[in-house]
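Below: one structure, written as C-alpha cells.
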4 protein chains.
Amino acid sequence: MSKRDQILETALGLFVEQGIAATATAQIAKQAGVATGTLFHHFPSKADLVAALYLGVKAQLADAMAAEAAEGTLADQARQYWERGLDWALSHPGALQFLQLVGLQGHEDTQLRHQAISELLPFVPALLARGQAEGVLRPVPADLALEQCHSQFMSAAAFFIAQPEHARDSQYRESAFALFWHSLAY
Amino acid sequence: MSKRDQILETALGLFVEQGIAATATAQIAKQAGVATGTLFHHFPSKADLVAALYLGVKAQLADAMAAEAAEGTLADQARQYWERGLDWALSHPGALQFLQLVGLQGHEDTQLRHQAISELLPFVPALLARGQAEGVLRPVPADLALEQCHSQFMSAAAFFIAQPEHARDSQYRESAFALFWHSLAY
Amino acid sequence: MSKRDQILETALGLFVEQGIAATATAQIAKQAGVATGTLFHHFPSKADLVAALYLGVKAQLADAMAAEAAEGTLADQARQYWERGLDWALSHPGALQFLQLVGLQGHEDTQLRHQAISELLPFVPALLARGQAEGVLRPVPADLALEQCHSQFMSAAAFFIAQPEHARDSQYRESAFALFWHSLAY
Amino acid sequence: MSKRDQILETALGLFVEQGIAATATAQIAKQAGVATGTLFHHFPSKADLVAALYLGVKAQLADAMAAEAAEGTLADQARQYWERGLDWALSHPGALQFLQLVGLQGHEDTQLRHQAISELLPFVPALLARGQAEGVLRPVPADLALEQCHSQFMSAAAFFIAQPEHARDSQYRESAFALFWHSLAY
DNA sequence: AATGAATGAGACTTCATTCAT
DNA sequence: AATGAATGAAGTCTCATTCAT
C-alpha cells in the first residue's frame, strides 16, 4: 500500500474514533508510520486530507450500490440498492461514520448534497421520478424525497453500526427498509 | 439580559456558524461584551458551557412540544406534536442546528439519546406503544421506531431551516409529515 | 519595565544580531523572560511586532533630532540636526541597524519613505526648500535631495557604528558631514 | 539556457520579489521548471546558490564598469564609470536589488566590502587617491571616501530603479552625478 | 544530469485556563 | 461578579536537504 493510502486509512480510523478536530496531523502521520512532512507532501492541508477522504469514501459507496443494475419491480430495485448500501456500510462502518462527521462540520449544504447524490447515484432521483409517474410513490416534492432517501439511509446505517447485533436480525432489517419504503410509497 | 445569558446566546450563534471546536472561548467572550475571565467565572470550562447550552436547548424544545396535551386521534396527536416541534425549530434555527452539532461531536450514543427522549418527551414512546397496540402503527421494534422519530424530525427541521422559503408552503409541510407518518403507520 | 517593553527591547537586539527572519518568536519570548503566548498577546503576529518596533524606533529618532529647534545659518542648522541624529544613532546602534534591516526586507517604497520623513522630520524638506530658494543649495529635484539626506545619514551612521573608534575622531566626523553638505551645497 | 542558468535567473527574480529567506528552494525549482533535486545537484545548499548568484552579479557589474578604460580629466573618468554603472543597473534592476539584499542579510562587513571593491573595481580607490593627491578631491579619510562611492551609487541606482520614469530625464541624471561628485570634489 | 517522494526539526500561532486585582 | 494579562502545551504547516531510481 502506498504511503498516501496508509495516511488515508489511518486518518479515517482516527477521525471516527476521536473526531476530526481532535485528531492531530502529527498523530495521523505517526500512526501511519510516515513523517509529518510526508502527510503534507500528499495533502497540502488537513482540510485537503479530509476532502480527499470524503470524496474517496463517497465514490466507494456509490460504486458498491451501483455495482450492477437492479432488477424487478420498483420496490424490488429499491430494496436491492438499499441492501447493497447497508451491506457496504456494515462492512465499512468507519467510512460511513466519517461521512456523517463531515456532513455536519463541513456545512454540507442541502443543495450540494443533492447535487452529489444526483451525480454519484443518478439512479436514485431516476427511481423516484419513475415511481411518482407510475403512481407507486406519493407525490412528494422531489428535493424533499431525495433528502428523505439520504437521511433514512444514513439513520438506518448508523443504527445498525451502533448495534451490530441487530444487523443480521431479519426483523430489524425488514423493518428498517419498511420504514423507508412506506414513507415514500402508497 | 444577564452576562451569563449574553454568553450563552453568543456562544450558540458562534458554535453554529463556525463549529464548536473552531470557536475560541476568547471570541465568545469578546463578542458577548464580557472579559475572558467572566466566561470562566460562569462556566468552569468550555465543555461546561457546551453542556449548559445543550441541556437548555433540549429543555426548551421539550417545553415547546409538550406545552399542552395533544388531542384527537393518534394521527391528530402526532401531527400536533410534529408541528409544534417544527415551529419551534423554525423560530430557533440555531438551537436546532446546535443540537445536531453536539450529537455528532459528542459521540452521543443511540441508547443515551433514547434515554434522553424518554425522559424529556415521554409522550413519544407512549404514543408509539399505543399505536402499535391499537394496530394503527406497523409492528416495528421499539428502538428502531424511536430512532425513526428522532431522525425524521431532525431531518425535516434541517431541511426547512436550510430552505426557509418552503417552510410556509403547505405542500412541503404536508409532505414532510406524510413521510414521517406513513413510515410508521399502516 | 512592562512585559511588552521587555519583548520589544529583546526583539530589537535579536533581530539586529541574527536578522529578522532568522529570529524565532520563541527565542524572543524566552530571552525576554515571558511565555510565548505573552508575545502574541501583545503583538498578534511577528509582523506586527516588527511594525511596532519600526514605528517606535523611527519616532525616537525623530524626537532626538527635533528635540529643540536648530539655530544659526542654514549650514549651522543642518549641522546641528546631523550631529544630533548621529549622536542618537551612536548611542542606539541597534535601533539604527534595525531601521536598515526593515528598510530592505519590507519593500519600503521610496515614496513611502519620503512621506514618513516629511511627517516625522518636517524640518528636513523645509530646510531643503529654503536652501534652494536662497541659492545656498544646488537646484536638485526635491525627491532626489530628500533621498540623498536619508541615504547619506544612514550610510554615515552605519559607518560609525561599524567602526566606533572613528566616531569621536573629529577628522572623521567633520569629513562625514562635509561629504553630506557639499553634495547639496554650492 | 542550461538548467543551472534557469535556476539562477529564477532565483534572482524570486529573491528580489519575496526576499531571500522567504523564498523556498522548492519554489525556485518549480518555477524554473526543474526538480528539487536538480537544484541541489547544481548548488549543494541554498547558501551556495545565493553565493553563486552574488559573485556572478558582482562580476557582471564590474565588467560593465571596467569594460574599457575611462578617458579625459578625473571628473570625466568618474563620470564615465558612474554612467556605465548606472546604465548597467537600470538594465539589470533585479541584479542590483539583489546586491543590496545580500548586503544586509549577510552581515556584509564594511571592511569586507572595501576589500571586494578594491579587488573588482581597483580603479575606484586609484582614482580617489589620485584625485586627493592632485588636490581635486577633498582630503577625506580613504575608507570613508570609498564607503561614500559605494553608498552614493547604490542609493542613486535604487532611486532610478524605483522611479524609472526619471532614469532618462537628463536633469535627474545630471543631479544624481552632481550629488556624488560634489560630495567628494572641491 | 535529473527526478520527486520522503524526512523531521522547527517555525508561527492558537487557545483553554488561571489569577492577581 | 468582573477583568484581562499571562501562561505554555499543543497544533498546523514549512522547508532545506537526502536518496533511491
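For clarity, every value in this text was computed on a predicted model and none was experimentally measured. Within every chain, numbering begins at 1; the chains are lettered A, B, ... in the order of the sequence lines, protein sequences first and strands thereafter.
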For this session: Check every atom of dT18(E), dT3(F), dT18(F) against the side chain of K3(B) and return the nucleotide holding the closest atom.
Result: dT3(F)
For this session: In whole angstrom, give the distance that lies between atom CG of D48(D) and atom P of dA16(F).
Result: 13 Å
Problem set entry | Sequence-distant partners of D63(A), side-chain hydrogen bond (donor to acceptor under 3.5 Å, both in side chains), two or more places apart | none
For this session: Applying side-chain hydrogen bond (donor to acceptor under 3.5 Å, both in side chains), name anything that partners T38(C), two or more places apart in sequence or on another chain.
Result: none
Exercise. Quick one: side-chain contact (heavy atoms from CB on, under 4.5 Å) partners of S91(D), sequence neighbours excluded?
Worked result: none
Exercise. To the nearest angstrom, how far is I28(D) atom CD1 from dC15(F) atom P?
Worked result: 11 Å
Contacts under 3.5 Å, N or O only, protein and nucleotides 8-11 of chain F:
from, atom 1, to, atom 2, distance (Å)
dG8(F), N7, G37(C), N, 3.1

Exercise. Hey, which of these two, F40(C) or L39(A), hits DNA chain E nearer its 5' end, going by closest nucleotide?
Worked result: L39(A)
Exercise. For A157(D), what residues pass the side-chain contact (heavy atoms from CB on, under 4.5 Å) criterion, not counting sequence neighbours?
Worked result: L86(D), A89(D), L96(D)
For this session: Would you mind telling me which residue lines up with the more 5' stretch of DNA chain F, H42(C) or P44(D), judged by nearest nucleotide?
Result: H42(C)
For this session: Could you say whether R4(B) or H41(C) is positioned toward the 5' end of DNA chain F, judged by the nucleotide with the nearest heavy atom to each?
Result: R4(B)
For this session: For DNA chain F, just give me the dot-bracket, please: Watson-Crick or G-U, both distances below 3.5 Å, ( ) intra-strand, [ ] crossing earlier pairs, | paired with another strand, . unpaired.
Result: .||||||||||||||||||||
Problem set entry | Heavy-atom side-chain proximity of L49(B) to L8(B) below 4.5 angstrom | yes
For this session: Please tell me which of A47(B) and S2(A) maps to the more 5' nucleotide of DNA chain E, matching each residue to the nucleotide holding its nearest heavy atom.
Result: S2(A)
Problem set entry | Any residue meeting side-chain hydrogen bond (donor to acceptor under 3.5 Å, both in side chains) with T23(B), in chain and number order, not counting sequence neighbours | Q18(B)
Exercise. Tell me: CD1 of I7(C) to P of dA5(F), nearest whole Å?
Worked result: 12 Å
Problem set entry | Minimum-distance pair of heavy atoms, taken over all atoms of A29(A) and L39(A) | N-CD1, 4.2 Å
Problem set entry | Residues in side-chain contact (heavy atoms from CB on, under 4.5 Å) contact with L120(C), at least two apart in sequence or another chain | K58(C), A62(C)
Seminar exercise, completed: Taken to the nearest whole Å, CG/L49(C) to P/dT13(E) is 10 Å
Exercise. By side-chain hydrogen bond (donor to acceptor under 3.5 Å, both in side chains), which residues pair with H92(C), not counting sequence neighbours?
Worked result: W88(C)
